[in-house]
Amino acid sequence: MYTKIEDTDDGFLRITEPDMQQIPVRFIDSVDSTLMQLRNQKDVVESLVAEVAPEFPSLQDSVVVHVDYKSASRILLTRAEPADANDSGWWFTDLDDKEGSQDPSRFTKTSLYQLAIDRPDLVKFFAVPADLRVYIKGPVIAVLGPESEIEQKPRLLPERTEPRRARARLTKEPQP
């Protein structure tokens with residue numbers, strides 16, 4: 001993701017992260033969002049049956065996006081090896097624009113930060129490694145390898161999803 005270490009007025013250091021709301025980037029005194037996004041990205045990669053390691057890009061890295069990326073609903077995210085140190089390797093294609101997918105004027109370069117602001121639903125895929133593709137159409141998500149779809153591991157869900165504290169309070173006898 002993207003964090004900064006800053007000096008405070010009282011001589012301490014603090015870690016800040018982008019507010020994920022605007023450009024130019026405005027940093028806030030927190031790392032909650034960064035930790036959550038990194039964990040989500042790690043979980044997505046680890047959910048694949050294939051043994052692949054996450055490749056975490058910086059939000060400062062560039063991504064090639066289709067001009068309609070903000071509203072596209074049928075998407076192919078393709079990741080190649082980065083071309084240089086500032087490239088994420090990601091390419092965003094709008095699969096509903098069949099003619100435009102071959103037209104270079106229908107694509108532009110932006111930052112992963114801008115993509116994350118405009119399409120926060122895609123941030124969880126940013127660490128999918130090079131040579132894989134992510135197909136998204138509504139609730140359907142598939143990760144594609146060089147030859148075929150990569151299966152996802154079955155999800156194991158707990159019997160109850162509410163936090164333990166809440167469960168304890170619900171079962172506790174009332175005090176007289």
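Residue numbers count from 1 along this sequence. When reading the values below, keep in mind they use all heavy atoms of this one structure, side chains included, and skip hydrogens, waters and symmetry mates. Remember, predicted model here, so these are calculated numbers, not experimental data.
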(message) Distance check, rounded to the nearest 0.5 Å: Ile150 atom CD1 versus Glu51 atom CD?
(response) 11.0 Å

(message) Is there a side-chain contact between Ile117 and Gln22 in this structure, where contact means two heavy atoms from C-beta onward sitting under 4.5 Å apart?
(response) no

(request) Find out whether Pro57 and Arg79 are in side-chain contact, i.e. whether some heavy atom of one side chain is under 4.5 Å from a heavy atom of the other. (result) yes

(request) For residues Asp43 and Arg39, determine if any side-chain heavy atom of one lies less than 4.5 Å from a side-chain heavy atom of the other. (result) yes

(request) Could you pull out the closest heavy-atom pair between Arg119 and Ala72, with the gap in Å? (result) NH1-O, 3.0 Å

(message) For Ser73 versus Asp96, what's the shortest heavy-atom pair and its separation?
(response) OG-OD2, 3.7 Å

(message) Quick check on Ile15: does its CD1 atom have over 12 non-hydrogen neighbours (other residues, nucleotides or ligands) under 6.0 Å away?
(response) no

(message) I'd like to know whether CZ of Arg14 has more than 12 heavy-atom contacts from other residues, nucleotides or ligands below 6.0 angstrom.
(response) yes

(message) Rounded at 0.5 Å granularity, tell me how far CZ in Phe92 sits from CD1 in Ile75.
(response) 4.0 Å

(message) Give me the atom names and distance for the closest heavy-atom approach of Leu132 to Pro146.
(response) CD2-CD, 4.4 Å

(message) Run Glu17 and Ser33 through side chain to side chain donor-acceptor pair (under 3.5 Å) and show every step you take.
(response) CA-CA 8 Å; Glu17 67 182 356; Ser33 178; 4.6 Å; no

(message) Is there a path of hydrophobic side-chain contacts, each under 4.5 Å between heavy atoms, that joins Leu144 and Leu95?
(response) yes

(request) Tell me, yes or no, whether the heavy-atom count around Lys109 atom NZ, taken from other residues, nucleotides or ligands under 6.0 Å, exceeds 12. (result) no

(request) Say whether Tyr113 and Leu122 are linked into one hydrophobic cluster, either directly or through other cluster members, by side-chain heavy-atom distances under 4.5 angstrom. (result) yes

(request) Given side-chain contact (heavy atoms from CB on, under 4.5 Å), test Ile136 with Phe125 step by step and report yes or no. (result) CA-CA 11 Å; Ile136 303 165; Phe125 302 111; 3.6 Å; yes

(message) Taking side chain to side chain donor-acceptor pair (under 3.5 Å) as the cut-off, I'd like each qualifying pair that reaches into residues 130-149, sequence neighbours left out, listed once.
(response) none

(message) Counting C-beta onward and ignoring hydrogens, is there a side-chain heavy-atom pair between Phe126 and Gln37 closer than 4.5 Å?
(response) no

(message) Looking at Asp19, is its backbone amide N or carbonyl O close enough to the side chain of Arg26 to form a donor-acceptor pair, meaning the two atoms are under 3.5 Å apart?
(response) no

(request) Please report the closest heavy-atom contact between Ser62 and Ser88, naming both atoms and the distance. (result) O-OG, 2.7 Å

(message) Between Glu6 and Thr16 (side chain of the first, backbone of the second, donor and acceptor by atom type, cut-off under 3.5 Å), is there such a pair?
(response) no

(message) Hydrophobic clusters here meaning ILVMFWY residues chained together by side-chain heavy-atom distances under 4.5 Å, can you tell me if Leu76 and Val143 are in one?
(response) no

(request) Supply the atom-to-atom distance Ile141 CD1 to Asp121 CG, rounded to the nearest 0.5 angstrom. (result) 8.5 Å

(message) What I'd like to find out is whether the side chain of Leu48 reaches to under 4.5 Å of the side chain of Gln152, using heavy atoms alone.
(response) yes

(message) With a sphere of 6.0 Å drawn around CG of Asp9, does it hold more than 12 non-hydrogen atoms of other residues, nucleotides or ligands?
(response) no

(request) Can you see which heavy atom on Leu59 is nearest to which on Ser111, and at what distance? (result) O-CB, 3.8 Å

(request) Quick one: closest heavy-atom pair of Val45 and Ala127, and the distance? (result) CG2-O, 3.5 Å

(message) Measuring from atom CG of Asp118 to atom OG of Ser71, what distance do you get when rounded to the nearest 0.5 angstrom?
(response) 10.5 Å

(message) Once rounded to the nearest 0.5 Å, what's the spacing between atom CG of Leu13 and atom NZ of Lys4?
(response) 13.0 Å

(message) Assigning hydrophobic clusters by single linkage (Ile, Leu, Val, Met, Phe, Trp, Tyr; side-chain heavy-atom cutoff under 4.5 Å), is Phe27 placed with Val31?
(response) no

(message) In this structure, would Val123 and Ile28 fall into the same cluster of hydrophobic residues linked by side-chain contacts under 4.5 Å?
(response) no

(request) Look at Asp68 together with Arg106 and state whether they make a salt bridge at an N to O cut-off of under 4.0 Å. (result) yes

(message) Ring centres under 6.0 Å, that's the criterion: do Tyr69 and Phe107 meet it?
(response) no

(request) Would you indicate whether the side-chain heavy atoms of Val44 and Val128 approach each other to under 4.5 Å? (result) yes

(message) Quick check for you: to the nearest 0.5 Å, what is the distance between Asp103 atom CG and Lys98 atom NZ?
(response) 15.5 Å

